[in-house]
2 protein chains.
Amino acid sequence: MKDVAARAGVGLKTVSRVVNGEAGVSSDTERRVQEAITSLGFRRNDSARVLRKGTTASIGLVLEDLADPFYSPLSRAVEEVARAHGALLINGSSAEDPEREQELALALCARRVDGLVIVPASDDHRYLEPEIAAGVATVFVDRPPGRIAADLVLSENFEGARAGVAHLIAHGHRRIGFIGDRPGIHTAEERLRGYRTAMDQAGLPVADSWVAPGSTDSERVRADAARMLDGADGTEPVTAFFSGNNRVTVTLVRVLAAPERRDRPVALVGFDDFELADLLSPPVTVVAQDPADLGRSAAELLFRRLDGADDEPRTVSRPTTLIARGSGEIPPHER
Amino acid sequence: MKDVAARAGVGLKTVSRVVNGEAGVSSDTERRVQEAITSLGFRRNDSARVLRKGTTASIGLVLEDLADPFYSPLSRAVEEVARAHGALLINGSSAEDPEREQELALALCARRVDGLVIVPASDDHRYLEPEIAAGVATVFVDRPPGRIAADLVLSENFEGARAGVAHLIAHGHRRIGFIGDRPGIHTAEERLRGYRTAMDQAGLPVADSWVAPGSTDSERVRADAARMLDGADGTEPVTAFFSGNNRVTVTLVRVLAAPERRDRPVALVGFDDFELADLLSPPVTVVAQDPADLGRSAAELLFRRLDGADDEPRTVSRPTTLIARGSGEIPPHER
DNA sequence: CTGAAAGCGCTTACAG
DNA sequence: CTGAAAGCGCTTACAG
């Protein structure tokens, strides 16, 4: 900038005015400065600008996995809102590891992002208290924060799961297996609670062996599914599954499509919609969330804070939709 | 930092040493500084650090769409390599718009990212010349840069497409439709060239109406597919499709699965693998690329430059794999 | 082992 | 319409 000023024969401030499109520069001076800028290949250094202004026009997003088909539209939606507000998006994957979440979130704060959207992997976010006090706007999405209060966008996990399981019950199922995500993950617990409530409201008992929370690793899911289908532990085999998420559903579809399982069709309702679900045979009935909508809502809450809103933290709840396609309407087949 | 120094009764430089874990601080002093840091809730301001050091430990990634299932694993792979090198990832979607690509890339340069990975939407990257001259390492992936030389990672688009079409020919097809991405996109052109070469090598003529490059919009693809299937323009209907990418393949699967099309099965080979392709009926034969591998390779080339390599720009070529699953092995059905 | 001074490249507040 | 000085929060180069 100094070089530009020297070359154009003007002061630093005048260059700054031209670069930022401020008023109060004669058109002649402006032309000289522009010329100097292009011939020197000058580009404003935003780091210096940030240091002086205190605002970075960038926001951070921490989620589980950028490549997960549930999270990637969420991320894209956050990006679009950020773009509309002139901000860039820095994002990172926590890989469901609380330490990595913290490391990422704090690294983003050290870069002085204006705000943070977090899909938490951790259940204790007190580490963010100094950052929030220092003015970093923070919004949680998909799962609530732990031990701090903050804006939050959530799907109706409990109600969605309850409705999905009630749908299976309405189609005659009495022995329904639940394969979900790890306990400790809020969505997993809410969906499990929805399952138990639906069973309870229908007066159906739940055998311990029908409930299998755990990792979404396909080997784990296959093992638990096989156990429930073959009626281990002396209980009767399940005639239907309710799947706690996207990743689990895909594995269950594979399990149920295996040739040796085809003679006894098993019903399936999955939480989360996914591409091509309608083209599988049978097409998969799901409780759909709208990940882009979750991302958009969270980003809008964030920019509301950045625009100065300082009322109490609010929680936004987004409904789910049961989409009946076939797999959830299969009647119970006994062996 | 000044406050911390005052509180601990030490100089600024000593605080800097503690914050950066440099040697040469007595353990007693270090403890006092650490205490001051935690009680003040101090966190180093990386913007200031960047300004002084000239390096940001962040890299930028510009691609078409963060939510596209082809690009999201690529993005995640870049993130992992960046993380291994202690860098954060800032990314943005160009939405296949050259202006938006330029705007994003230059915004990232203004933030002084150390390097840039770009999936180009534009065919002229001379706008990056001043940035590259100023030291921003730049690597292109999936498509080559326009009018500048730079490191590049590419799939074997031509050879993959040629092999995919040859596979259909080997299964008896003589009238094969090609539905691809827009002309001007390098991958689209290479794959079309592969199609033409395979047809040519087999001595098969190509009717104009069998070649339909264009947007991946599903309405466009449906219309072109219907035209080829119904044999408009006085030509015979095609008995097989070669699809130029992921998005097109998914639409074609839907077209071919329609009840009114089922009596005359049409073969399909798609470029790009996708989740659940093996569970569709028929399972979809694809020419698979490895997007995570592309991302990883590009990021590794980038960090190689950042570590000081200044040899000639290099091009890395990654092979594709033909995965025969069923849809590509359907024999020709005449009406 | 420790610290004072200068400077990274901008913007702010002010004066002319 | 224009510019000189101070300062944002760090690190570098140097001295003790």
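Atom set for the values below is all heavy atoms of this structure, side chains included, hydrogens, waters and symmetry mates excluded.
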TODO: Please determine, by modelled atom types, if A:Ser93 and A:Glu64 share a side-chain donor-acceptor pair under 3.5 angstrom.
DONE: no
Open item on the list: Taking the minimum atom-to-atom distance to the side chain of A:Phe42, which one of C:dC10, D:dG3, D:dC10 wins?
Closed with: C:dC10
Open item on the list: Check the phosphate of D:dC10 against B:Ser16, side-chain N and O only, distance under 4.0 Å to OP1 or OP2. Yes or no?
Closed with: no
Task: Option among B:Thr56, B:Thr55, B:Asn20 that satisfies the side chain to side chain donor-acceptor pair (under 3.5 Å) test with B:Arg49 - done: B:Asn20
- [ ] Among D:dT2, D:dT12, C:dT12, find the nucleotide with the atom closest to the side chain of A:Arg52.
- [x] C:dT12
- [ ] Measure the distance from CG on B:Leu12 to C1' on C:dG7 and round it to the nearest whole Å.
- [x] 13 Å
TODO: Side chain of B:Lys13 only, please: which of D:dC8, C:dT11, D:dA13 is the nearest?
DONE: D:dA13
Task: Ion pair check, A:Glu131 and A:Arg111, cut-off under 4.0 Å - done: no
Open item on the list: With a 4.0 Å cutoff (strictly under), does any side-chain N or O of B:Thr29 reach OP1 or OP2 of C:dC1?
Closed with: no
TODO: Calculate the interatomic distance between A:Arg31 atom CZ and D:dC1 atom C1'; express it in whole Å.
DONE: 16 Å
Open item on the list: Distance check needed: C:dG3 P versus B:Met1 CE, whole Å only.
Closed with: 12 Å
- [ ] Using a heavy-atom cut-off of under 4.0 Å over every strand shown, decide if A:Arg44 touches base, sugar-phosphate, or nothing.
- [x] sugar-phosphate
Open item on the list: What is the distance, to the nearest angstrom, from the NZ atom on B:Lys2 to the C1' atom on D:dC8?
Closed with: 9 Å
TODO: Examine the base of C:dG9 for any acceptor or donor lying under 3.5 Å from a partner atom in the side chain of B:Arg112, and report the outcome as yes or no.
DONE: no
Open item on the list: Which nucleotide, if any, forms a Watson-Crick or G-U wobble pair with D:dA13, using both distances under 3.5 Å?
Closed with: none
Task: Phosphate contact (C:dT11 OP1 or OP2) by A:Asn20 side-chain N/O below 4.0 Å - done: yes
TODO: Return yes if some donor-acceptor pair links the side-chain N/O of A:Asp123 with the main-chain N/O of A:Gly146 below 3.5 Å, else return no.
DONE: no
Open item on the list: Any salt bridge linking A:Arg305 with A:Glu312? Criterion: basic side-chain nitrogen under 4.0 Å from a carboxylate oxygen.
Closed with: no
Open item on the list: Distance check needed: C:dT11 C1' versus A:Leu51 CG, whole Å only.
Closed with: 10 Å
Task: Side chain A:Glu101, main chain A:Ser122, donor-acceptor under 3.5 Å - done: yes
TODO: Could you check how far CD of A:Glu22 sits from P of C:dA13, rounded to whole Å?
DONE: 12 Å
- [ ] May I ask you to verify if any side-chain N or O of B:Thr14 is less than 4.0 angstrom from the OP1 or OP2 atom of C:dG3?
- [x] yes
Task: Atom pair distance, as rounded to whole Å: CD in A:Glu30 and P in D:dG3 - done: 14 Å
- [ ] Can you tell me the distance, in whole Å, between the NZ atom of A:Lys53 and the C1' atom of D:dG7?
- [x] 15 Å
Open item on the list: With a 4.0 Å cutoff (strictly under), does any side-chain N or O of A:Ser26 reach OP1 or OP2 of D:dT2?
Closed with: yes
Task: B:Arg17 or A:Arg49, whichever maps to the more 5' nucleotide of DNA chain C - done: B:Arg17
Open item on the list: Taking any heavy-atom pair under 4.0 Å as a contact, classify B:Val10: base, sugar-phosphate, or nothing.
Closed with: sugar-phosphate
TODO: Scan every strand shown for a Watson-Crick or G-U wobble partner of C:dA4, both distances under 3.5 Å, and answer none if you come up empty.
DONE: none
